[in-house]
Structure formats: structure tokens, C-alpha cells
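Following: one structure in C-alpha cells, then a few remarks.
Atoms within a ligand are numbered from 1 in the order they appear, just like the ligands themselves. Keep in mind that the numbers below use all heavy atoms, side chains included, and drop hydrogens, waters and symmetry copies.
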Amino acid sequence: MPAPPSTSLTDFYLCEDLFSGEEKQIREEVRDWVDRRYLPRAADFFEGATFPVELIPEMADMGLLGIKLNEYGGRGKNNVSFGLVCQELERGDSALRSFVSVTNSLVIHPIHAFGSREQKERWLPELVSGRKIGCFALSEPEAGSDPGSMRSLAVKNSGRYVLNGRKMWITNGAIADVAVVWAKTQDGPVRGFLVEKGMEGFSARPVERKFSMRASVTSVLNFDNVSVPEENLLPGTAGLKSALSCLNEGRFSIAWGSVGAAVACYETALDYAKSRIQFRAPIASFQLVQQKLALMLTEITKAQLMCVRLGRLKDEGRASPAHISMAKMNNAHEALKIARSAREILGARGITLGYPPIRHMLNLETLNTYEGTRDIHILSLGRHITGMNAFSCECEDSGPGEAGAVKGSEGAKKAKGKRIST
Ligand code: TGC
Ligand code: FAD
């Protein structure tokens, strides 16, 4: 396919050369859509804390939901294309990319990977077409970085599971028709369940007063003796590993999305610095401003190269969880630093929603936190490199207080010296 004309954004190392015509095509499609359909209203969505559900059918029409699926109406694209789509969506706002990430990586992916034929046939076409919305419920009020310590419990009882527990910070939760819920089962392992809107005892409410991801729906889910039919158990799920494997997909999309937010901030700051006059000169002519811009561009370039290599490795089936962790950790963190620098270059104007950096900066605090905080990814990489687990101290024998913090943790019980394989 011939490459479409490039509406090139920041691309210092000519990464453009590394993408196929087909990859550029979908990127251009999404870039144009974000420019026309989202950016003119991005600040309003953020300020009004509104996710524009009316745009879901348009994203579905572009094939962005189920983008990697070869069946059930999906668009059958590769990982690099998915990454480029995430980059463009997040140039608009993290809420857009989050919606698409959750739908593809955390709802469609687990149903496709772990679901029965009936579950796939029932849910995938609905999710791909945007007629139904899904969410992924792993985190709990008392179990964030350490999901192995979750308290949600599903007890089997004559052909059904009785589910009790609470999930917290769940993207799309209050607008979801189906929730992929992770819970311990009576006999031990964590399993995934499809909990449907309207099931008795299942309720969802939005998390209020957020200052990050304001245009995304973030929710608390309650499960009070919810009777879940056995056919809603995802049969292929077998332990926490199943839930964590979905995060490889989500973290990949965050690594790429971070680049989009960073580029939006950098380009805004550059334009502003060239036109803002102080001391009778454009502020772009001052060394300290140039230093900020030079470091921003360097970090964007490094992140872009990391993404494209990671995407190719993933397409070849060679991307490990550690590869993905590194890119998620680095790119979210560097994008946050870039957004802060851009905000600084804009001076007082930078604190208003008239310019995108403050919005991206606040959103990027979430990117640095969800799907594993920066600390957790550093520790994951540390464990991968050294073979030694530094997530928790082995303080089973220590005095009261100290031990309480980690005793219940699955992580604390793990043997040391473990590497996560693909
Ligand atoms: P650990 O012993 O390390 O692992 C348990 C089992 O899982 C395997 N595993 C993985 N497998 C595939 N991919 C990965 N990334 C994996 N990570 C671990 C592991 O090999 C092991 O397998 P097996 O066969 O031995 O049982 O478990 P641990 O309890 O020590 O925890 C390790 C740790 C801390 C890295 C993990 O729990 C973790 O990743 N914590 C961070 C939690 C997190 O990321 N939560 C995300 C919630 S979802 C979300 O934020 C969505 S936001 C969506 C949006 O809006 O975009
Ligand atoms: P904690 O785990 O309590 O961590 C608090 C601090 O302690 C962090 O700085 C952390 O790095 C540090 N820390 C923890 N353990 C260690 C350690 N061993 N060593 C050093 N430092 C440590 N979850 C879902 O399941 N589904 C979703 O859709 C979802 N969407 C989200 C949307 C938003 C907007 C947000 C903000 C979160 C979302 N999450 C979701 C939850 C997210 O994954 C968790 O917030 C994240 O995993 C961190 O958990 P926590 O907030 O409980 O922090």
C-alpha cells in the first residue's frame, strides 16, 4: 500500500521510515479524527469530567475496538499499528486512549484468550462494534500494587458462584455492560468472571473529585452476594498469572500513548516559546528554555525508538513482560516530566486549560500509577536483572506491626530468585 502523505509531527530520528504504508494509513486516519472530533472539545470534556460516549461508535467504525482481532469483526492489525493508534489517541487525551486500551487489552483480550466459544460469540462482536462496553476489575481498595492480596472471593454453590468483594479505580466501570472481574475462589486460585450489568448485588459508582483522567470514567464496583452463573467463569483463567498477562497488552498501549501526550506538550511549548516575547526577545532564544526543549525532544526520540522496537518484538512474539515493563515505566515517567517542562515554558498561561500541557500533566500522573506504578516496574526489572525479589521483606518472624504489612501478601510468599517469562 502506498504511504499516505505524512502530516508529520515531531519525528527527529525519522522513525517514519520504520513504518509500513498500512501502519501509517491507520495512524493518519486516527490523527485526523482526533484533530477534528476530539481536540476542539478536549478541554471541555476534561473540565466537565465527561467521557464522550457519543464518540464510541465513531471509534468502532474506524475499527479501533478489536483492532488486533482477526475475527468477530475486528480489524486484524499488528501491534505496531495498535501502538500508533494509541499514540494518536493520547495526543488528544489520555481518556480516549484509556477507553481504547481497556476495551482491546483488558476486555476483548481476556475474553478472546480465556473465554469459551459461547462467551466469545456473545461478547466480542458487541464489544468490537461499540454496542457494549467492558471494564477490567483487578484493583481493590486494599490491593493495588499487590493484587495477589485481593479479598474478592467467589464461592461455588450448585452450578453458580457467589461473588463478594469491592473493586476500586476501575476505568469504564460505571458505564460498562460487562466487567472482567478477578476474584479468589474457595479452593485457591484467582479466576476471571464476566459479571454483567444488572446482576443482582452488583453496583458501580464513579470515583468523584478526580484531578487526573477527568474525561475518563473511573469507578468503584461492589459485589454483594452476586450470583454468577458458572458459564460466566472464564474457563481458561488459572491464577493471578492470567490477570497479569492481560497487563502486558495494556502496558504496551500506555508506552505508546505516553509518546502522543509528550509530543502534544512539546509542540505546544515550542510554538509558544517562539512567539512569547520577554526581555525584547522570544523566550525560545534563551539558553534555559532551549535546554528544556532539547531535553524534551531527546526523551521523545528515545521513547519513540523504544516503542517501535518493542512493537516489532511483540509482532514477532519476542517481547517479554520485562521489555514491556521498561517501556511503560520509562515513557510514562518521561512524558510526565516533559509535560511539566512544557507547562513551565508556558508560564502562567500553562496552568489554564487554554493549553494542553496542564491537562496532559495531570493525566500522566495516572499513567505513572496505573497498570503498575513506576516503583513496581523498577522492582520488576530489578528482579528480572538480578533474579532477586525486592517487592516485600520476608518478615514473617518479625514483631507485630512490621509483619502485618506483608504477611497476607502472595508476593511475600514467593520464592526468591524468580524471573517472569513470556
Ligand atoms: P508473581 O509471583 O510475580 O506473579 C504471579 C504469576 O504471574 C506471572 N506474571 C506474569 N505473567 C505474564 N505477564 C506478566 N506481566 C506477569 N507478571 C507476573 C508470574 O510468572 C507468576 O506465574 P506462576 O506461573 O509462577 O504463577 O506475583 P506477585 O504477587 O509477586 O506480584 C508481582 C507484581 C508486583 C509484579 C504484580 O503483582 C504486578 O504487576 N503488580 C502491579 C499491579 C498492576 O499493574 N495492576 C494493574 C491493574 S489494571 C489497571 O491499572 C488498568 S488501567 C487501564 C486503563 O485505564 O488504561
Ligand atoms: P499502592 O499499591 O497502595 O501504592 C502506593 C505507593 O506505594 C506507590 O507509590 C507504590 O509505587 C508504592 N509501593 C507499593 N508497593 C511497593 C513496594 N513493594 N516497594 C516500593 N514501593 C511500593 N485498576 C484496575 O484493576 N482496573 C482499572 O481499570 C484501573 N483503572 C485505573 C484508572 C485510574 C485513573 C487510576 C488512578 C487507577 C486505575 N486502576 C485500575 C488502579 C491502578 O492499577 C492502581 O492504582 C495501581 O496498581 C496502584 O495501586 P494503589 O493505587 O493501590 O497504590
(Q) Quick check against the 3.5 Å criterion: does Thr237 have a side-chain atom that pairs as donor or acceptor with the backbone of Arg191? (A) no

(Q) Does any N or O of ligand 2 fall below 3.5 Å from an N or O anywhere on Val102, backbone included? (A) no

Q.
Does any part of the side chain of Phe51, heavy atoms only, come nearer than 4.5 Å to the side chain of Ser98, both counted from C-beta?
A. no

Q) Got a sec, which residues hit side-chain hydrogen bond (donor to acceptor under 3.5 Å, both in side chains) with Asp32, two or more places apart in sequence or on another chain? A) Arg36

Q) Under 4.0 Å from ligand 2, counting heavy atoms only, is it the side chain of Asn172, its backbone, both or neither? A) neither

Q. Are the side chains of Leu9 and Glu267 in touch, meaning some heavy atoms are under 4.5 Å apart?
A. yes

Q: Check whether any side-chain N or O of Asn172 sits under 3.5 Å from a backbone N or O of Cys135 as a donor-acceptor pair, and report yes or no.
A: no

Q: Taking only heavy atoms of Glu371 into account, list the atoms of ligand 2 that are under 4.0 Å away from them.
A: 43 (O)

Q. Do any nitrogen or oxygen atoms of Ser392 come within less than 3.5 Å of a nitrogen or oxygen of ligand 2?
A. no

Q: Flag Glu371 as yes when one of its N or O atoms lies below 3.5 Å from any N or O atom of ligand 1, and as no otherwise.
A: yes

Q) ligand 1 versus Leu247, non-hydrogen atoms closer than 4.0 Å: side chain, backbone, both, neither? A) side chain

Q) With a cut-off of 4.0 Å, which atoms of ligand 2 are near a heavy atom of Asp375? A) 9 (O), 10 (C), 11 (O), 12 (C), 21 (N)

Q | Numbered atoms and elements of ligand 1 in range of Gly144, under 4.0 angstrom, heavy atoms | A | 42 (C)

Q | 4.5 Å side-chain heavy-atom contact, Ile300 and Phe12 | A | no

(Q) Taking only non-hydrogen atoms of Asn389, do any sit less than 4.0 angstrom from ligand 1? (A) no

**Q.** Any N/O pair Ser139/ligand 2 closer than 3.5 Å
**A.** yes

Q) By number and element, which atoms of ligand 1 are closer than 4.0 Å to a non-hydrogen atom of Gly372? A) 41 (C), 43 (C), 44 (O)

(Q) As a quick check of understanding, evaluate side-chain contact (heavy atoms from CB on, under 4.5 Å) for Thr171 and Val217, giving each step before the final call. (A) CA-CA 6 Å; Thr171 302; Val217 176; over 6 Å; no

Q. Under 3.5 Å, is there a donor-acceptor pair between the Ser320 and His323 side chains?
A. yes

Q.
So does Met213 get a backbone contact from the side chain of Ser216, meaning a donor-acceptor N/O pair under 3.5 Å?
A. no

**Q.** Minimum non-hydrogen distance to atom 2 (O) of ligand 2, winning option of Ser145, Ala179, Pro141
**A.** Ser145

Q) Looking at Thr171, which atoms of ligand 1 are within less than 4.0 Å of one of its heavy atoms? A) 54 (C), 55 (O)

Q.
Regarding atom 45 (O) of ligand 2: of the candidates Ile170, Thr369, Leu221, which has the closest heavy atom?
A. Thr369

(Q) Can you name the atoms of ligand 2, numbered from 1 with element, that are less than 4.0 Å from a heavy atom of Thr373? (A) 10 (C), 11 (O), 48 (C)

Q) When you look at CG of Leu353, are more than 12 heavy atoms from neighbouring residues, nucleotides or ligands closer to it than 6.0 Å? A) yes

Q | Phe136 contact mode with ligand 1 (heavy-atom cut-off under 4.0 Å) | A | side chain

**Q.** Main-chain N/O of Cys265 paired with His360 side-chain donor or acceptor, under 3.5 Å
**A.** no

Q. Taking N or O atoms only and a 3.5 Å limit, does Asn248 qualify as a polar contact for ligand 1?
A. yes

Q | Shortest heavy-atom approach to atom 39 (O) of ligand 1 - which of Lys328, Arg251, Arg383 | A | Arg251

Q.
Any heavy atom of Gly239 closer to ligand 1 than 4.0 angstrom?
A. no

Q: Answer with side chain, backbone, both or neither: which part of Thr373 has a heavy atom less than 4.0 angstrom from an atom of ligand 1?
A: neither

Q.
If you measure every N or O of Phe391 against every N or O of ligand 2, does any of those distances drop under 3.5 Å?
A. yes

Q) Is ligand 1 less than 4.0 angstrom away from at least one heavy atom of Ser105? A) no

**Q.** Salt bridge Lys337-Glu344, side-chain N to carboxylate O under 4.0 Å
**A.** no

**Q.** Min heavy-atom dist Arg97 to ligand 1 below 4.0 Å
**A.** yes

Q. Looking at atom 30 (N) of ligand 2, what's its closest protein heavy atom, distance included?
A. Trp169 O, 2.6 Å

Q.
Using modelled atom types and a 3.5 Å cut-off, is there a donor and acceptor pairing between side-chain atoms of Arg251 and backbone atoms of Glu371?
A. yes

Q) Can you check whether Leu65's main-chain N or O pairs, donor with acceptor, with Asn104's side chain at less than 3.5 Å? A) no

Q: Identify the residue among Arg359, Arg374, Arg340, Lys210 that makes a salt bridge (Lys or Arg N to Asp or Glu O under 4.0 Å) with Glu365.
A: Arg340

Q) Should you measure from each heavy atom of Ser380, which atoms of ligand 1 turn up under 4.0 Å away? A) 35 (C)

Q: Can you sort out which atoms of ligand 1 are near Leu106, meaning under 4.0 Å from one of its heavy atoms?
A: 51 (C), 53 (C)

Q) Would you say Phe136 and ligand 2 have an N/O pair spaced under 3.5 Å apart? A) yes

Q: Give a yes or no on whether Trp33 atom CH2 has more than 12 heavy-atom contacts from other residues, nucleotides or ligands under 6.0 Å away.
A: yes

Q) Do Glu140 side-chain atoms and Arg151 backbone N/O form a donor-acceptor pair below 3.5 Å? A) yes

Q) Hey, looking at atom 52 (S) of ligand 1, which of Trp182, Tyr370, Phe99, Phe391 has the closest heavy atom? A) Tyr370

Q.
Under 4.0 Å from a heavy atom of Val102: which atoms of ligand 1 are those, numbered in the order shown and with their elements?
A. 53 (C), 54 (C), 55 (O), 56 (O)

Q) Judged by modelled atom types alone, do Thr366 and Asn363 share a side-chain donor-acceptor pair under 3.5 Å? A) no

Q.
Tell me whether Ser139 reaches ligand 1 (any heavy atom closer than 4.0 angstrom to a ligand atom).
A. yes

Q) Any Lys/Arg nitrogen of Arg27 or Glu22 sitting under 4.0 Å from an Asp/Glu carboxylate oxygen of the other? A) no

Q: Ignoring hydrogens, tell whether any protein atom lies closer than 4.0 Å to atom 26 (N) of ligand 2; use the non-hydrogen atoms only.
A: yes

(Q) Among all the protein's heavy atoms, is there at least one whose distance to atom 42 (C) of ligand 2 comes out below 4.0 Å? (A) yes

Q.
Salt bridge check, Glu121 against Arg117: does any charged N sit closer than 4.0 Å to a carboxylate O?
A. yes

Q: Assess Ser245 for proximity to ligand 1: is some non-hydrogen atom of it under 4.0 Å away?
A: yes

Q: Examine Tyr370 against ligand 2 and note whether any of their N/O atoms are separated by less than 3.5 Å.
A: no

Q) Given that the side chain starts at C-beta and the backbone is N, CA, C, O, which of these parts of Thr171 lies under 4.0 Å from ligand 2, counting heavy atoms, or is it both or neither? A) both

